[in-house]
Amino acid sequence: MADIRTRFAPSPTGYLHLGSARTALYSWAYARRHGGACVLRIEDTDRARSTLESERALLSGLAWLGLDWDEGPVRQSEHGERHAEVVEQLLERGAAYRCSCSREELEERRSQTLAQGRSWVYDGRCRERNLSADCGPHTVRLRLDLDSHLGWDDLVYGESGQAACEIGDMNIRRSDGHPLYNLAVVVDDSDMRISHVIRGADHLGNTAFQIAIYRALELEPPRFAHVPLIVGASGKKLSKRRDPVSVEQFRDDGYLADALLNWLVRIGWSHGDQEVFSRDEICALFDLETVNRASAQADPGKLDWLNQHYLKQLPAGELLEQLLPFLTEVAGAEVKPTPELAALAQLLCERSSTLRDMAGRAAFAVVETPERDSKAEKKFLKPTALPILEALVQRLRRVDPWDEAQLEAAFEDVRAAQGDIGMGKLAQPVRVAVTGSSASPGIYETPAAPRPGSTRRSAYWAPSAAWRASRPPPTASASPASNPRAARVVARPAPTRFRRMARLASRPATGVDRPGLAPASGSAGSPALSSPPAGGLRSLRFGK
RNA sequence: GCUCCCAUCGUCUAGUGGUCCAGGACGUGGCCCUCUCAAGGCCGAAACACGGGUUCGAGUCCCGUUGGGAGCACCA
């Protein structure tokens, strides 16, 4: 086949729409697959609705998706003169004619026709009037061969077309002298030597008339491929109201570009049973012949699944890099990359479907005072859990090195020493104390990656004010009160400790805040806290 | 209303006249694993819209019905 040239031609009247993104993807992939070129053309001839801001949004959306183009972007409005010139040519040759019917007249005749149950096409009133340029306000219409059939072989829909008489002599130029969409598209596609026009099926109705324009211009039309519409859960065309349609929104919600691309490419296209397509595979395998004809619903659940799949595949460093903006949002302050956070992200990605989701789960590691799930707190941070935790803290002092195996050993020891209690009795309170939630990664893994700027061990123990409040007063004879040290501890004001933590966190730590993601070193963090706590819970909170 | 398009599990789809009592994936139910939540593994429920043809044989071809969608501008 001759040179394959596709184009993506969005109009800058909003953000990058899901449907547009898929059309862009298809055009891009088809060109890549066949070693051709993809051109970006901004259809900005509707001055009233086109904005520069939308154009920027379009470009940034495409850039984020990683859809690049070989030529452009060119603005359709730059071709105004060329469009005007073509219309004049058609006029001279008699292939087009001036029409002085006013909107009002047209509207009246149309509604009359419609009232009779017939479909309206321009009735040809000015067709033979031979109006000249000085006939007053007028539009220009294309003179169709009303006996002809305007057909094409669609790459997706097969033989398509319409009788010319069902279309009628449509306008190609407005009374203000500006060309209409159909004319501009044909001229531009032809001038740009576009070989394959890939666009939404909502353009099916335009194509017949465009074929007529090609014929009037004595031009060979390109191949057309109309791709089925993406519909929302309602079964109707995606709407801003009901459906998530902005690519930027997906990005801000924490979806990965690769996941979105994979999701989009499979809506309406398939390659056997394959579900996961890398960018390269899309380029290697995508073809128009295998595009489905029925419109398809976009299933957000499948996107979530795909997104997690790609999340899990991301190398640790890159994953954290992607996560950082979301963490920063959660923390309310800039979050710097650390090896601990990278490890945590790794742990979290098999339980998160989006980056935003993941950031929420990582909040305990970046927030000064982690929020506690009140249900979990009520259920697990009971006074009876305190002595157990105290025992664990004592035991943790001897953990060295601070790794999963040693932590497990410590937990096991405590469990046995506390009367062989179930693991859940120990792990759940710890989990809630550390993460604020009853759901988190493994209990030996979780403490390995707590907040940056503090040491692992100190961050591990941060009972909230709510927990303290839930405790009975120290004088009570309940079991925790029988442990004087614990009682003393919980009676003390926590804010002091938090201030201390904050000071430590803001200190220029030697290993933790370095930008690279080198493996955790045993001496990371401030020296003062890098060794095991000296005095149990009390010292963890208040000791110096 | 008119024109055109479409029709396989809830969703995306495989299927191009026999190899389909219809396959995969997401979702969903159960079980296993297990310190929680996941992830993972195993098992299950779940569809050819309906009616006529054509044919030895139809999810696959034809017609109709029904249902859904899109388009019908001096918008793009």
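Each chain gets a letter, A, B and so on, in the order its sequence line appears, and its residues count up from 1.
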Pairs in or reaching into residues 259-277 of chain A: which pass salt bridge (charged side-chain N to carboxylate O under 4.0 Å, His left out), with residues at least two apart or in two chains? A/R266-A/E275, A/E275-A/K302
Any residue meeting salt bridge (charged side-chain N to carboxylate O under 4.0 Å, His left out) with A/D304, in chain and number order, not counting sequence neighbours: none
Give me the ring orientation class for A/H271 and A/W269: parallel if the planes are under 30° apart, tilted from 30 to 60°, perpendicular past 60°. parallel
Between A/A298 and A/H138, whichever has its closest RNA chain B nucleotide further toward 5' is A/A298
Does the side chain of A/S270 get closer than 4.0 angstrom to OP1 or OP2 of B/A14 through an N or O atom? yes
Pairs touching residues 352-362 of chain A that satisfy salt bridge (charged side-chain N to carboxylate O under 4.0 Å, His left out), sequence neighbours left out: A/E329-A/R356, A/D357-A/R361
Just call it for A/E275: base, sugar-phosphate, or nothing, with non-hydrogen atoms closer than 4.0 Å on any strand. base
For the side chain of A/Q274 and the base of B/G24, is some donor closer than 3.5 Å to an acceptor across the two? no
Considering only side-chain heavy atoms of A/Y444, which listed nucleotide, B/C35, B/A39, B/U3, is closest? B/C35
Sequence neighbours excluded, the answer for salt bridge (charged side-chain N to carboxylate O under 4.0 Å, His left out) partners of A/E78 is A/R75
At less than 3.5 Å, do the side-chain atoms of A/R173 and the base atoms of B/C74 form a donor-acceptor pair? no
B/G71 and B/G64: how far apart are their C1' atoms, nearest whole angstrom? 24 Å
A/F411 and A/Y444 aromatic ring geometry - parallel, tilted or perpendicular at 30°/60° bounds: perpendicular
What does A/G268 touch in the nucleic acid at a heavy-atom separation under 4.0 angstrom: a base, only the sugar-phosphate, or nothing? sugar-phosphate
For a quick check, tell me whether the side chain of A/S175 and the base of B/C74 share a donor-acceptor pair closer than 3.5 Å. yes
Has the side chain of A/K312 got a donor or acceptor that lies under 3.5 Å from a partner of the other kind on the base of B/A39? no
Identify whether any heavy atom of A/R415 sits under 4.0 Å from a base atom; if not, whether one sits that close to sugar-phosphate; answer base, sugar-phosphate or nothing. nothing
Heavy atoms only, 4.0 Å cut-off, all strands: where does A/C165 land among base, sugar-phosphate and nothing? nothing
Per A/M423 side chain, nearest of listed nucleotides B/A73, B/C75, B/C35: B/C35
Below 3.5 Å, can you tabulate the donor-acceptor pairs from side chains in residues 9-22 of chain A to any protein atom, sequence neighbours excluded?
| residue | atom | partner | partner atom | Å |
| --- | --- | --- | --- | --- |
| A/H17 | ND1 | A/G19 | N | 2.8 |
| A/R22 | NH1 | A/I267 | O | 2.4 |
| A/R22 | NH2 | A/P228 | O | 2.1 |

Side-chain contact check for A/T45: nearest option of B/A76, B/C6, B/A25 is B/A76
Any base atoms under 4.0 Å from A/S438, or only sugar-phosphate, or nothing? Heavy atoms, all strands. base
Strand contacts (RNA chain B) in residues 202-209 of chain A, 4.0 angstrom heavy-atom criterion: A/D202, A/H203, A/N206
Interface polar pairs with nucleotides 18-23 of chain B, N/O, under 3.5 angstrom:
| residue | atom | partner | partner atom | Å |
| --- | --- | --- | --- | --- |
| B/G23 | N2 | A/D273 | OD1 | 2.9 |

Hey, is the side chain of A/R174 poking within less than 4.0 Å of OP1 or OP2 on B/A76, counting only N and O atoms? yes
Would you indicate what A/L180 reaches in the nucleic acid, counting non-hydrogen atoms under 4.0 angstrom: base, sugar-phosphate, or nothing? sugar-phosphate
Under a 3.5 Å cut-off for both contacts, is B/C21 paired Watson-Crick or G-U wobble with anything, and if yes, with which nucleotide? none
Using the C1' atom on both, measure B/C72 against B/G51 and round to a whole Å. 32 Å
Any residue meeting salt bridge (charged side-chain N to carboxylate O under 4.0 Å, His left out) with A/E166, in chain and number order, not counting sequence neighbours: none
Ring-plane angle category for A/H226 and A/F224, please: parallel below 30°, perpendicular beyond 60°, tilted otherwise. parallel
Would A/R82 and A/D188 pass as an ion pair if we require N to O under 4.0 Å? no
A/E159 vs A/N182, nearer the 5' end of RNA chain B by closest nucleotide: A/E159
Measuring from the side chain of A/R431 (C-beta onward, heavy atoms only), which nucleotide among B/U36, B/C74, B/A39 has the closest atom? B/U36
For residues 150-160 of chain A, pull every pair meeting salt bridge (charged side-chain N to carboxylate O under 4.0 Å, His left out), keeping only residues two or more places apart or in separate chains. A/D153-A/R223
Over all strands shown, is A/P228 touching base, sugar-phosphate only, or nothing at heavy-atom distances under 4.0 angstrom? nothing
Donor/acceptor link under 3.5 angstrom from A/R351 side chain onto base of B/C37: yes
Per A/R266 side chain, nearest of listed nucleotides B/A38, B/G24, B/U3: B/G24
Candidates B/G10, B/C2, B/A38 - which lies nearest the side chain of A/D299: B/G10
Would you tabulate the nitrogen or oxygen pairs shorter than 3.5 Å linking the protein to nucleotides 58-69 of chain B?
| residue | atom | partner | partner atom | Å |
| --- | --- | --- | --- | --- |
| B/G69 | OP1 | A/K236 | NZ | 2.9 |

Salt bridge (charged side-chain N to carboxylate O under 4.0 Å, His left out) with A/R415: which residues, sequence neighbours excluded? A/E412, A/D420
Sorted by first residue and then second, give each salt bridge (charged side-chain N to carboxylate O under 4.0 Å, His left out) pair with at least one member in residues 132-152 of chain A; sequence neighbours left out. A/E128-A/R143
Counting the atoms with a prime plus P, OP1 and OP2 as sugar-phosphate, which does A/R293 contact under 4.0 Å by heavy atoms, base, sugar-phosphate, or nothing? sugar-phosphate
